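Heads up: the structure comes next, in structure tokens.
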Amino acid sequence: MAEPHYPFNEIEPKWQKFWDETGLFKVDEKNTKNKFYCLMMFPYPSASLHVGHGRNYIIGDVVARYKMMNGFNVLTPMGWDAFGLPAENAAIKGGLHPRISTLANITTMKKQLNRWGVGYDWAREVTSCLPDYYKWTQWIFLKLYEKGLAYKKKAAVNWCPSCNTVLANEQVISGKCERCDTDVTQRDLEQWFFKITAYAETLLKDIDKLTNWPERVKIMQRNWIGKSEGVEIDFKIADSNKILTCFTTRVDTIFGATYMVLAPEHSEVDDLIKGAVNEKEVRSFIQKAKNETMIERSATNAEKEGMFTGKYVINPVNGRKIPLWIANYVLMEYGTGAVMAVPAHDQRDFEFAKKYNLPIEVVIDNPKGKLNAALMKEAYIEDGVMVNSSQFDGLSNREAMGKIADWMEQKKIGKRSVNYRLRDWLISRQRYWGAPIPIIYCDKCGMVPVPEKDLPVLLPEDAEFRPHGESPLARSRSFMDVKCPKCRGKAKREPDTMDTFVDSSWYYLRYLSPKDDKKPFDREVVNKWLPVDQYIGGVEHAILHLLYSRFITKVLYDLKLIGFDEPFKNLFTQGMIVKDGAKMSKSKGNVVSPDILIDKYGSDTVRLYTLFIGPPEKDAEWSDRGVEGAYRFLGRIWRVAEQITNHPPSPKASADVRRSFNKGGHKFQLTSEASKKLRRKTHQTIKRVTEDIEQGFHFNTAISATMELVNEIYDAIQEAKEGLGDDPTLKEAIKTVAILLAPFVPHISEELWRKWGNKESIFKLKWPAYDKSLIIEEELELVIQINGRVRSKILVPKDSSELDVKEKVLIDEKIKQWIGDKPIKKFILVPDKLVNIVI
RNA sequence: GGGCGAGUGGUGGAAUGGCAUACACGAUGGACUUAAAAUCCAUUGGCCGCAAGGUCAUGAGGGUUCAACUCCCUCUUCGCCCACCA
């Protein structure tokens, strides 16, 4: 290898040690003046980090260091989302105990983070798989239980036959297991749920409070909660007293309801079909529909299938008798599990009606041309004019919606209602590597929560964690057999563990008092430090983790345990780094390891390239070539700094630097013109970098702005005469470069800063302000366009009047030629920028 | 099917109504060197032209405007998220 551009391998470990020893990132939680809580999503401790992971921590580190330099008291902690499937799966395959492999991974990752130069207040480290943490996860469970927000019910759950475990709806991706891609089936099991639906409205409404969240994350959360407003309508079953209620968002189409459909699981179905002529067929149809796996039922082009029950219901608005069907496309979990079908104005109903030859009736006409039900090829779902709807005929359907709802409420045949797509959060996992649910079952006393003083419920060491379709904990007698806390009689523990999303939904509170063994967090301290000022993480957590954290925060707020109801004030979601067009993964063999790159180029280079690769919120393609470019840039800074600042170059400096120093040619004197120009560029760069960081983390353009400044320093030196001493303008420029880049490339900046004779860390420095008077250009280049095309350019003094400009423009040779003798129709001046002449 | 985002040189990208292609990578040439590497300097969107210069280009087509990568409409390709939600 060629001689290094600069001795990164010496300076980087030195400064990492220095920051650690001087406690640069240590925070006293009692000092909340100018506090800034900078939080990165804590990682799952997998084998090792790649450069894609690095982006998150590097961005966070830049924010932390930048805020530090702006006088903030920055809290930047790190921890480990350490429970979870991969470690357990590895253990099942015959590897180490999950605790051992997880803790080993944590050690490795910590080293990697340190090598990246990413700083944390490590005294606050939390690890969710250790009892001193999960004790409090269990405590939070108990709080929800006391409030009636944690409950158990038998539920059809998603079951992964391969992982042998239950999956949350969120972990089922188009009918397949999120982790192993196996088709998901259904099972009925007793499961623990958190009643997140009780907070659906608040979670939705308060999205508006999250002003500094990416719009798309907010949209995803809104869609996930999925509020829809409509009307619940009662349909009487013909020749019976029974009533079936359905939910619709399109009450304006009620007069066009020509049949009704129930979900196969609907509770009334059994009764309804009893004794029907085709009872047998209907029963077998229902059985088939129930057996359909998630994938069959949710496939895009799933065939809509149904069967007539033999029964009829009465449409309450017009007394019409309409047939009652059962169909696989109606979901029991949403609304009431019963749907009024309006084939003319709903595409699914339309397809179903065509297939089974059910009547189609138009009740909303297309203003652009009359609809004919017999000729329609698809449902008309647009707005239009009400027809065949008795007293509502002639109204626009939008208007009719409200009027029909009013009328139905008045007549007591329907009432306004709201539905959410959000389901309760299923937290039970039949797994070993998670926090045990702190519940005891006693034959006498029933379900008994573990008393707070008995927490934590420890994971047993003797569990055999191979899945058998029940929790591995169920096979540990030492764990299961327990005395009832109430009657001291024989009792059994709950063998299930909690979803790891529970662990990660409150960790940001624990960082403020990570060692406290009396309580999960300190109310007073937490209220001062939270909400988090800047949260940074991957967009893949846009829905689940962020929604669950918001939910838990709101519950704790309602319990008066904390004084704020949203955990994260500002959110930044960084894009993924891909290689060869694909997400980095071991199986694809496209993982770029930071360790090799840091050995070769140093961590400042890896950091700089990671930040320069593109806008941080967007996905980016990794290029090893680009890394070299970043490396060269740092070398350029190092060399020019050695030349300008008149310090003996290091023995490793390039040959020409050493030679020039020995010849005494390292001193430069700028002409006053050049000096003025460079000072202007220096201050313009301060402005640009500051604004780029402040206004949306545009690190890539902040770096290119500094590159421009460095290029200009090189230009200035080229033109400079050898002089008597250091040129103050050159010194100011190179110092500015070091300071502006300090958050991005902290080691080299710190080293240069020290070399220039400063005793304190560069991060104790105040972020520079630019001098407004210096960035003004007195003379500007004005672009002259003819009919919108650039034809010439002239120099004019700043703030020239239109008259002065016009005079100058019209005597310009090129412009004279272009205009010729054609009359000028318009003369547009954008002050200090451009002129457009229309001829 | 719905929602969101994107499409700019050989490549990553910059410009959010005002000089399209900043900055970087790559490439080419030069200086230095016995040589190479490194470094420094120069050139680098296409086409026409010796040149001055002209002309065409921001996925395609249309519109608004003195002026459009930027705003509006239609279409198209790709990515992500959701998806039989009544």
Side-chain angles (χ1 to χ4, degrees), chain A residues 1-5 173-174 214-217 219-220 222-224 226-228 230 246-250 253 261 263 297-304 327-331 333-342 346-349 351-352 419-421 539-540 542-543 575-576 578 581 609 612-615 617-630 632-633 635-636 639 654-657 659 698 700-708 710-711 714-715 717-718 781-793 814 825-830 833-839:
Chain A
M1 196 176 131
E3 67 181 309
H5 297 63
I173 309 298
S174 54
E215 206 50 44
R216 63 171 171 153
V217 173
I219 289 168
M220 278 193 243
R222 279 194 196 101
N223 291 345
W224 192 260
K227 181 181 184 171
S228 50
C246 75
F247 173 76
T248 181
T249 53
R250 290 295 307 271
T253 65
V261 202
R297 210 150 162 196
S298 66
T300 316
N301 46 2
E303 189 60 27
K304 291 174 185 32
N328 62 352
Y329 76 92
V330 178
L331 308 171
E333 311 90 81
Y334 187 76
T336 61
V339 177
M340 67 171 209
V342 186
D346 181 284
Q347 189 55 28
R348 285 163 316 201
D349 296 345
E351 284 166 26
F352 193 81
N419 264 287
Y420 300 92
R421 305 168 75 142
V539 75
E540 66 273 19
I543 300 174
M576 220 177 8
V578 300
Y609 176 66
F612 185 60
I613 192 166
E617 71 279 10
K618 284 196 191 145
D619 289 354
E621 169 80 30
W622 184 268
S623 138
D624 289 339
R625 290 272 196 195
V627 179
E628 287 200 42
R632 272 206 289 261
F633 174 59
R636 260 165 88 77
R639 283 188 302 275
S654 62
D656 54 325
V657 169
R659 202 179 316 110
H698 298 144
N700 54 329
T701 49
I703 290 165
S704 63
T706 346
M707 285 173 170
E708 283 183 48
V710 172
N711 290 345
Y714 270 78
D715 290 350
I717 286 176
Q718 247 199 327
E781 197 182 52
L782 201 66
V783 172
I784 309 169
Q785 298 182 327
I786 306 265
N787 291 342
R789 322 199 60 146
V790 180
R791 295 305 180 187
S792 185
K793 288 168 188 181
K814 283 182 206 153
K825 283 195 199 154
K826 236 178 191 179
F827 186 93
I828 295 142
L829 172 73
V830 183
K833 262 189 188 156
L834 115 174
V835 163
N836 191 9
I837 302 168
V838 187
I839 54 171

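Side chains included, hydrogens not; waters and symmetry mates left out as well; all remaining heavy atoms used. In what follows, chains carry the letters A, B, and so on, assigned in the order in which the sequence lines appear, proteins first and then strands, with residues in each chain numbered from 1. Quick caveat: nothing in here was measured; it's all calculated off a predicted structure.
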Under 4.0 Å from OP1 or OP2 of [N]: is there any side-chain N or O of [X] that close?
{"X": "R639(A)", "N": "rA38(B)", "result": "no"}
{"X": "N700(A)", "N": "rA14(B)", "result": "yes"}
{"X": "R632(A)", "N": "rC25(B)", "result": "yes"}

Checking contacts here: which listed nucleotide ([options]) is nearest the side-chain heavy atoms of [X]?
{"X": "T249(A)", "options": "rC81(B), rA86(B), rC66(B)", "value": "rA86(B)"}
{"X": "F612(A)", "options": "rC4(B), rG12(B), rC82(B)", "value": "rG12(B)"}
{"X": "Y329(A)", "options": "rC84(B), rC82(B), rC56(B)", "value": "rC84(B)"}
{"X": "S228(A)", "options": "rC23(B), rA14(B), rA86(B)", "value": "rA86(B)"}
{"X": "Y714(A)", "options": "rA14(B), rG12(B), rC41(B)", "value": "rC41(B)"}

What's the [atom1]-[atom2] distance between [X] and [N], to the nearest Å?
{"X": "K618(A)", "N": "rU8(B)", "atom1": "NZ", "atom2": "P", "value": "11 Å"}
{"X": "M220(A)", "N": "rA83(B)", "atom1": "CE", "atom2": "P", "value": "12 Å"}
{"X": "N711(A)", "N": "rA42(B)", "atom1": "CG", "atom2": "P", "value": "10 Å"}
{"X": "I784(A)", "N": "rC19(B)", "atom1": "CD1", "atom2": "P", "value": "14 Å"}

Base, sugar-phosphate, or nothing: which does [X] touch, judged by heavy atoms less than 4.0 Å apart?
{"X": "R625(A)", "answer": "sugar-phosphate"}
{"X": "E621(A)", "answer": "nothing"}
{"X": "D346(A)", "answer": "nothing"}

Checklist entry - Would you find a donor on one side and an acceptor on the other, under 3.5 Å apart, between the side chain of Y609(A) and the backbone of S623(A)? => result yes
Next on the checklist: Which is more 5' along RNA chain B, the nucleotide nearest V539(A) or the one nearest H698(A)? Just name the residue.
Outcome noted: H698(A)
